[in-house]
Amino acid sequence: MTDPVVDKIQRHPKYQELRSKRNRLGLFLTVLMLVVYYGYIALIAFDKSFLAQPMGAGVTSIGIPIAIGVIVFSVLITGFYVRRANGEYDKLTQDILKDATK
């Protein structure tokens with residue numbers, strides 16, 4: 001048995017728009033994160049000498065800031081997604097629910 005409200009929501013044009021936008025952004029950010037992460041892993045595997053280069057006169061190698069950059073990048077794209085979800089996606093969801101429960 002299906003709920004008529006659920007059917008109405010799934011047929012709603014704004015619901016289709018929401019799904020499309022959310023899936024497209026999610027896929028894009030996932031691919032972007034995989035490229036950054038596996039790019040760093042590839043550097044570790046194939047160019048250790050580059051990552052082992054010391055920065056300046058200190059003992060910190062260039063790999064440390066790159067690793068921190070990967071972590072910061074993941075936090076930034078998560079924040080970007082949350083901001084988008086709390087803004088645009090929540091507005092679409094409210095519009096869909098308002099129309100579906102009429």
Side-chain angles (χ1 to χ4, degrees):
M1 297 182 74
T2 60
D3 188 355
V5 175
V6 172
D7 290 337
K8 191 174 182 181
I9 289 171
Q10 289 178 339
R11 287 191 312 269
H12 198 285
K14 285 189 178 182
Y15 176 72
Q16 301 301 324
E17 176 187 356
L18 173 65
R19 283 186 54 189
S20 173
K21 285 182 175 182
R22 191 183 60 213
N23 289 342
R24 196 172 36 242
L25 180 63
L27 180 63
F28 174 72
L29 293 178
T30 299
V31 168
L32 197 58
M33 187 65 228
L34 288 172
V35 166
V36 169
Y37 177 75
Y38 283 110
Y40 180 67
I41 298 300
L43 272 175
I44 292 171
F46 299 114
D47 201 358
K48 288 181 186 170
S49 60
F50 171 72
L51 294 175
Q53 292 175 6
M55 291 179 53
V59 295
T60 302
S61 69
I62 201 164
I64 298 299
I66 293 174
I68 292 170
V70 171
I71 294 167
V72 168
F73 179 76
S74 67
V75 170
L76 289 175
I77 65 170
T78 300
F80 174 75
Y81 182 83
V82 168
R83 186 176 188 142
R84 186 67 135 340
N86 287 342
E88 181 181 354
Y89 300 159
D90 281 356
K91 170 108 173 66
L92 279 171
T93 302
Q94 290 171 358
D95 292 345
I96 293 165
L97 291 174
K98 190 183 332 174
D99 290 346
T101 55
K102 284 184 182 177

Original post:
Do the side chains of Phe28 and Val70 join up, straight or via other hydrophobic residues, at under 4.5 Å, putting them in one cluster?
Top reply: yes
Original post:
Quick one: do the Asp95 and Thr93 side chains pair a donor with an acceptor below 3.5 Å?
Top reply: no
Original post:
Do you know which two heavy atoms are closest between Gly63 and Tyr40, and how far apart they sit?
Top reply: O-OH, 3.4 Å
**OP:** Please round to the nearest 0.5 Å and tell me the distance separating atom CG of Leu97 and atom NZ of Lys14.
**Re:** 11.5 Å
**OP:** Side-chain contact test, heavy atoms from C-beta onward, threshold under 4.5 Å: evaluate it for Lys91 versus Leu18 and give yes or no.
**Re:** no
Original post:
Taking atom CG of Leu92 and atom CZ of Arg19, what is their separation to the nearest 0.5 Å?
Top reply: 13.5 Å
Original post:
Linking I/L/V/M/F/W/Y whenever their side-chain heavy atoms sit closer than 4.5 Å, directly or via other members, would Leu76 and Tyr37 fall into one cluster?
Top reply: no
Original post:
Below 4.5 Å, heavy atoms only, C-beta onward: do Asp99 and Ile9 meet side chain to side chain?
Top reply: no
Subject >> Spacing of CD belonging to Glu17 relative to OH belonging to Tyr89, to within rounding of 0.5 Å >> reply: 10.0 Å
Original post:
Would you find a donor on one side and an acceptor on the other, under 3.5 Å apart, between the side chain of Thr78 and the backbone of Ser74?
Top reply: yes
Original post:
Going only through I, L, V, M, F, W and Y residues with side-chain contacts under 4.5 Å, is there a path from Leu43 to Leu32?
Top reply: yes
Original post:
What pair of heavy atoms forms the shortest contact from Ile62 to Pro65, and how long is it?
Top reply: O-CD, 3.2 Å
Original post:
Are Ile44 and Leu34 joined in one hydrophobic group, where the rule is that I, L, V, M, F, W and Y side chains link up if heavy atoms are under 4.5 Å apart?
Top reply: yes
**OP:** Heavy atoms only: give me the nearest Met33-Phe73 pair and the separation to one decimal.
**Re:** SD-CD2, 3.9 Å
Original post:
Can you list every salt bridge (charged side-chain N to carboxylate O under 4.0 Å, His left out) pair that touches residues 76-87, not counting sequence neighbours?
Top reply: Arg84-Glu88
Subject >> Verify same cluster id: Val36, Val72 (apolar side-chain graph, 4.5 Å) >> reply: no
